[in-house]
J.: 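Here it is: the structure, laid out below.
Nothing fancy with the numbering, it's 1 onward along the sequence.
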Amino acid sequence: KQKFTRLAIGLVIFSGAASGNALHAQSVGAALLSEKSVTITSGTTTQPLTVGGDVLFGARIDTGFDAGNVDEFRDGTRLTVAAESSVTVDKYVFNPATGSGEMSVRLAKGAMRFISGRIGSDNYEIRTPNAYLGIRGTSFVLSYTPADGTVVVVEEGVVELTNLSGDGVDVAAGLASAVAATNTAPTTPAPPAAAGAAAAIGVTPIFLQVVLKVQLPQRQSNLKDLQ
């Protein structure tokens, strides 16, 4: 992937290879919704992530039981984090003048919904413990549990789901695929019910409320208003 080495006016650039506490305090987005127990951990500091709060580069977002969180990044990318989930923004580069950039997100456990923004689709990378995803103009739901592995359900666009051995498959809109283990090839894309995706990703009530059913208005902060 292209490496961004020049810092232009207005360029937001953060990389996981960088170090220093000051860098980890930089904001790359903001929380549009945080319901119940949602925390953000930057370095050794953990604090609640409330509506309007900064999403920090390199920070980990954790949600508790029956909790939920929606974040918007500077390029318009939206990330919804379901209950009992953990997501880290490992890399974020965005030039508002040109719309160019890169973004890398890691789902360690649980489930999330991802809607791409102004950054070119080829410059997004999403990882789980046993797979990684490339996207093309995409909205999708992703989950990871040790029992089910990685499951993706594509809402719009195309997702390339690849295991850590390099075996990949293109998953089109309306279809689902799964990677059960690191060396297991992705399943043949199929409708979510046929692929068993509903059981894998619909494990908590908040998931259906926040990830699958919510059409998020700007700056709404109460789940009952979004039903």
J.: Which pair of non-hydrogen atoms, one from Ser85 and one from Ala83, has the smallest distance, and what is that distance?
T.: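 Heavy atoms of Ser85 and Ala83 come nearest at OG-O, 3.0 Å.
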
J.: Are Ile135 and Tyr132 joined in one hydrophobic group, where the rule is that I, L, V, M, F, W and Y side chains link up if heavy atoms are under 4.5 Å apart?
T.: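 No, no single cluster joins them.
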
J.: Would you give the length of the straight line joining atom CZ of Arg78 to atom OG of Ser116, rounded to the nearest 0.5 angstrom?
T.: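 The OG atom of Ser116 is 12.5 Å from CZ of Arg78, to the nearest 0.5 Å.
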
J.: Could I get the full list of side chain to side chain donor-acceptor pair (under 3.5 Å) partners for Thr182, not counting sequence neighbours?
T.: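 Counting only residues at least two positions away or on another chain, Thr182 forms no side chain to side chain donor-acceptor pair (under 3.5 Å).
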
J.: Determine, for Phe94 and Arg74, whether the Lys NZ or Arg CZ falls below 6.0 Å from the six-membered ring centre while staying within 45 degrees of the axis.
T.: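 No, cation not above the ring by the 6.0 Å, 45° rule.
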
J.: Once salt bridge (charged side-chain N to carboxylate O under 4.0 Å, His left out) is applied, do any residues pair with Asp75, and if so which ones, sequence neighbours excluded?
T.: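 Partners of Asp75 under the salt bridge (charged side-chain N to carboxylate O under 4.0 Å, His left out) test: none.
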
J.: I'd like to know if the side chain of Thr187 reaches the main chain of Ala178, judged simply by a donor and an acceptor atom lying under 3.5 Å from each other, with no hydrogens or angles considered.
T.: yes

J.: Side chain of Tyr124, backbone of Leu133: donor and acceptor closer than 3.5 Å?
T.: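 Pair absent, no side-chain N/O of Tyr124 close to backbone of Leu133.
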
J.: Decide side chain to side chain contact (heavy atoms under 4.5 Å, CB included) for Val87 and Val105; before the verdict, give the C-alpha distance in whole Å, the side-chain angles of both, and the deciding distance to 0.1 Å.
T.: CA-CA 7 Å; Val87 178; Val105 174; 3.4 Å; yes

J.: Does the pair Thr162 and Glu160 meet the rule for a side chain to side chain contact (heavy atoms under 4.5 Å, CB included), with working shown?
T.: CA-CA 6 Å; Thr162 305; Glu160 183 181 5; 3.8 Å; yes

J.: Nearest heavy-atom pair of Asp54 and Leu49: which atoms, and what distance?
T.: O-CD1, 3.6 Å

J.: Restricting to pairs with a member in residues 173-182, which pass salt bridge (Lys or Arg N to Asp or Glu O under 4.0 Å), not counting sequence neighbours?
T.: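 As it turns out, there is no salt bridge (Lys or Arg N to Asp or Glu O under 4.0 Å) pair with a partner in residues 173-182 once direct neighbours are skipped.
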
J.: Which residues pass the side chain to side chain contact (heavy atoms under 4.5 Å, CB included) test with Thr128, sequence neighbours left out?
T.: Leu107, Asn130, Ala131, Leu142, Tyr144, Thr150

J.: Check whether any side-chain heavy atom of Val179 lies under 4.5 Å from a side-chain heavy atom of Leu161, and answer yes or no.
T.: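 Yes, side chains in contact.
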
J.: List for me each residue that meets side chain to side chain donor-acceptor pair (under 3.5 Å) alongside Lys109, sequence neighbours excluded, and say none if there are none.
T.: none

J.: With clusters built from Ile, Leu, Val, Met, Phe, Trp and Tyr whose side-chain heavy atoms come within less than 4.5 Å, directly or transitively, what are the remaining members of the cluster of Ile115, listed by chain and number?
T.: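 Ile115 clusters with nothing; isolated.
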
J.: Between Thr138 (side chain only) and Val159 (backbone N and O only), is there a donor and an acceptor less than 3.5 Å apart?
T.: no

J.: Looking only at atom types and distance, does a side-chain atom of Ser42 sit under 3.5 Å from a main-chain N or O of Thr45, one as donor and one as acceptor?
T.: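 Judged by distance alone, no pair lies under 3.5 Å.
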
J.: Which residue pairs satisfy the salt bridge (Lys or Arg N to Asp or Glu O under 4.0 Å) criterion with at least one member in residues 166-181, sequence neighbours excluded?
T.: Arg136-Asp170

J.: Using side chain to side chain contact (heavy atoms under 4.5 Å, CB included), reason through Arg113 and Val81 one step at a time and then give a plain yes or no.
T.: CA-CA 7 Å; Arg113 184 187 191 201; Val81 185; over 6 Å; no

J.: Once side chain to side chain donor-acceptor pair (under 3.5 Å) is applied, do any residues pair with Ser165, and if so which ones, sequence neighbours excluded?
T.: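 In terms of side chain to side chain donor-acceptor pair (under 3.5 Å), with neighbours along the sequence ignored, Ser165 is linked to Asn183.
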
J.: Please round to the nearest 0.5 Å and tell me the distance separating atom CG of Leu79 and atom CE of Met112.
T.: 5.0 Å

J.: Any pair with a residue in residues 175-193 that passes salt bridge (Lys or Arg N to Asp or Glu O under 4.0 Å), sequence neighbours left out, goes on the list, sorted by first then second residue, please.
T.: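 Listed by first then second residue: nothing to list.
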
J.: Scan side-chain atoms only and decide if Ser139 and Glu156 contain a donor-acceptor pair under the 3.5 Å cut-off.
T.: no

J.: Check whether any side-chain heavy atom of Val154 sits under 4.5 Å from a side-chain heavy atom of Leu175, and report yes or no.
T.: no

J.: What is the minimum heavy-atom distance between Ser37 and Ala67, and which atoms define it?
T.: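 Heavy atoms only, the tightest pair is O-CB, 3.3 Å.
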
J.: Minimum heavy-atom separation for Arg60 and Ser86, please, with both atom names.
T.: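 The pair with the smallest heavy-atom distance is CD-OG, 3.2 Å.
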
J.: Would you please name every residue forming a ring-ring contact (aromatic ring centres under 6.0 Å, His included) with Phe140, sequence neighbours left out?
T.: Phe114

J.: Any idea which heavy atoms bring Thr41 and Gly43 closest together, and the distance?
T.: CG2-O, 3.8 Å

J.: Looking only at heavy atoms, which two atoms of Leu33 and Asn69 are closest? And how far apart?
T.: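 Answer, listing the atom of Leu33 first, then Asn69: O-ND2, 3.1 Å.
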
J.: Can you tell me how far the CG atom of Asp62 sits from the CD1 atom of Ile40, to the nearest 0.5 Å?
T.: 9.5 Å

J.: Under the side chain to side chain donor-acceptor pair (under 3.5 Å) rule, collect the residues that match up with Thr50, sequence neighbours excluded.
T.: none

J.: Just checking, is any N or O donor in the side chain of Tyr92 or Ser104 under 3.5 Å from an acceptor N or O on the other one?
T.: no

J.: Looking at Glu125, Met103, Glu102, Arg106, which hits side-chain contact (heavy atoms from CB on, under 4.5 Å) with Lys91?
T.: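 In the set Glu125, Met103, Glu102, Arg106, the residue that makes a side-chain contact (heavy atoms from CB on, under 4.5 Å) with Lys91 is Glu102.
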
J.: Could you give the distance from OG (Ser100) to CG (Asn123), rounded to the nearest 0.5 Å?
T.: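 Result: 8.5 Å between the selected atoms.
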
J.: Quick check against the 3.5 Å criterion: does Ser27 have a side-chain atom that pairs as donor or acceptor with the backbone of Gly29?
T.: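 Yes.
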
